[in-house]
Structure formats: C-alpha cells, structure tokens
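Okay, structure first, notes after.
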Amino acid sequence: QGHLVESGGGSVQAGGSLRLSCVASGNPYSGNCVGWFRQTPGKEREGVAAIYKASNTTYYTDSVKGRFTVSQDNAKNAVYLQMNSLKPDDTAMYYCAAARSCVAAWPRPPLFNYWGQGTQVTVSS
C-alpha cells in the first residue's frame, strides 16, 4: 500500500539500541492506532507495540516491556519505536501499520488497514 514508511533499522550488538520511525506517506489515511509488528521468515507476524494517537495510550507485548517505548510526534506525522537492550531474539523485519482503533485491532495484523514496507533489525550476540 505504501501509506506508511519505516526507517531506522540496522545491525547492532546485543545490548544496543535503535530507534525506528514510521512516517505517513502518500494519501491521507484514517487510522489513529499505529502498531509495530515484527516477523521472521516462516514465523507469524507478532505485535510488538502500539499507540492510539488521540489519547497517547500505548500497548506492548510482554517480551519488550521495559525495553521498548512507542511514542509519537504529531508535528512530524511520525510514530517512533525506541528499542533498548536489544537481544538476538529481537531480530526481525519490523513493520508499522495503522488501524482505526487499538482496542478493536491490537494485536491482530489482519485488522490493521495500512502497512509500511518494513525495516530490518538484526541483533548479533
């Protein structure tokens, strides 16, 4: 779809940090819930974190609580995922996606309407 564009992926050592960015691109969209998902080859896509932009309510999967932080910058029309204390298990393609409601959609990928192209995160031991 190309409505969202991720950036900020890369290769880091375990314990390092990355900040992923998700910026709205192309035509305007109605989604107010922005989620971060990750996927490795042959694995089901996993919800990592999400933010409901209107209220700044955030959601996290248990495996990243205390390490990852999702935030937004409305002036830049961007959502960020700050990833600290990275582990090799965090290695994946990371996607941002948008839905109308986090309560209704999170963390189910089919319920998110707009998707970015993904950015690769690789964490070495």
Side-chain angles (χ1 to χ4, degrees):
Q1 295 179 347
H3 296 303
L4 302 170
V5 178
E6 305 97 333
S7 63
S11 298
V12 297
Q13 295 274 15
S17 298
L18 287 171
R19 190 184 74 162
L20 306 184
S21 298
C22 175
V23 180
S25 181
N27 296 329
Y29 61 97
S30 60
N32 201 33
C33 174
V34 177
W36 286 97
F37 298 81
R38 62 188 180 188
Q39 187 170 29
T40 56
K43 300 289 187 179
E44 191 168 296
R45 192 164 295 186
E46 174 192 25
V48 176
I51 184 167
Y52 190 71
K53 300 178 70 178
S55 61
N56 210 40
T57 303
T58 57
Y59 306 79
Y60 299 94
T61 190
D62 285 345
S63 65
V64 308
K65 286 181 179 177
R67 299 189 298 121
F68 292 8
T69 303
V70 63
S71 61
Q72 64 177 326
D73 185 337
N74 288 332
K76 298 182 183 296
N77 200 23
V79 171
Y80 305 104
L81 184 66
Q82 179 66 45
M83 309 165 68
N84 297 328
S85 301
L86 283 162
K87 306 174 180 179
D89 285 349
D90 296 319
T91 295
M93 183 74 75
Y94 283 71
Y95 300 87
C96 66
R100 286 201 304 153
S101 167
C102 289
V103 170
W106 179 257
R108 292 134 74 189
L111 301 183
F112 282 74
N113 308 113
Y114 301 91
W115 289 84
Q117 82 291 337
T119 185
Q120 178 68 38
V121 171
T122 302
V123 185
S124 59
S125 59

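Sequential numbering from 1 along the given sequence is applied to the chain's residues.
Taking the six-membered ring where tryptophan is involved, the planes of Trp115 and Phe37 are tilted, since the angle between them lies from 30° to 60°.
In this view, Val12 and Leu18, Leu86, Val123 satisfy the side chain to side chain contact (heavy atoms under 4.5 Å, CB included) rule, not counting sequence neighbours. With sequence neighbours left out, Lys65 forms a salt bridge (charged side-chain N to carboxylate O under 4.0 Å, His left out) with Asp62. In this view, Ala50 and Cys33, Tyr59, Cys102, Trp106 satisfy the side chain to side chain contact (heavy atoms under 4.5 Å, CB included) rule, not counting sequence neighbours. Residues satisfying the side chain to side chain contact (heavy atoms under 4.5 Å, CB included) criterion with Ser17, sequence neighbours excluded, are Gln82, Asn84. Applying the salt bridge (charged side-chain N to carboxylate O under 4.0 Å, His left out) criterion to Arg38, with sequence neighbours excluded, gives Glu46, Asp90.
Two residues are said to be in side-chain contact when any heavy atoms from C-beta on lie closer than 4.5 Å; Gln72 and Asn56 meet this criterion. By the 4.5 Å heavy-atom criterion applied to side chains, Arg19 and Thr69 are not counted as neighbours. At least one side-chain heavy atom of Val121 sits under 4.5 Å from a side-chain heavy atom of Met83. Contact check for Leu4 versus Val79: no side-chain heavy atoms found under the 4.5 Å cut-off. The side-chain heavy atoms of Val34 and Lys53, taken from C-beta on, include a pair separated by under 4.5 Å.
The cluster map of Ile, Leu, Val, Met, Phe, Trp and Tyr, joined by side-chain heavy atoms under 4.5 Å apart, puts Tyr60 and Tyr94 in the same cluster. Linking Ile, Leu, Val, Met, Phe, Trp and Tyr whenever their side-chain heavy atoms come within less than 4.5 Å leaves Leu111 and Ile51 in two separate clusters. Cluster annotation: Val64 and Val70 are assigned to the same hydrophobic cluster (Ile/Leu/Val/Met/Phe/Trp/Tyr, side-chain heavy-atom contacts under 4.5 Å, transitive).
Minimum interatomic distance between Ala104 and Ser101 (heavy atoms only, all atoms of both residues): N-OG, 3.2 Å. When all heavy atoms of Ala54 and Asn32 are compared, the closest pair comes out as CB-ND2, 3.0 Å. Closest of all the heavy-atom pairs between Gln13 and Ser124 is OE1-OG, 3.1 Å.
The closest donor-acceptor contact from the side chain of Thr40 to the backbone of Lys43 lies at 3.5 Å or more, if one exists at all. The main-chain N or O of Glu6 is found under 3.5 Å from a side-chain atom of Gln117 such that the two form a donor-acceptor pair.
Once rounded to the nearest 0.5 Å, the distance linking OG of Ser63 with NZ of Lys87 reads 7.5 Å. Thr119 contributes atom OG1, which lies 10.0 Å from atom OH of Tyr95 (distance to the nearest 0.5 angstrom). Remark: Leu20 CG to Phe68 CZ distance equals 8.0 Å, nearest 0.5 Å.
Among pairs with a residue in residues 36-101, those fulfilling disulfide bond (SG atoms under 2.5 Å apart) read Cys22-Cys96, at least two apart in sequence or across chains.
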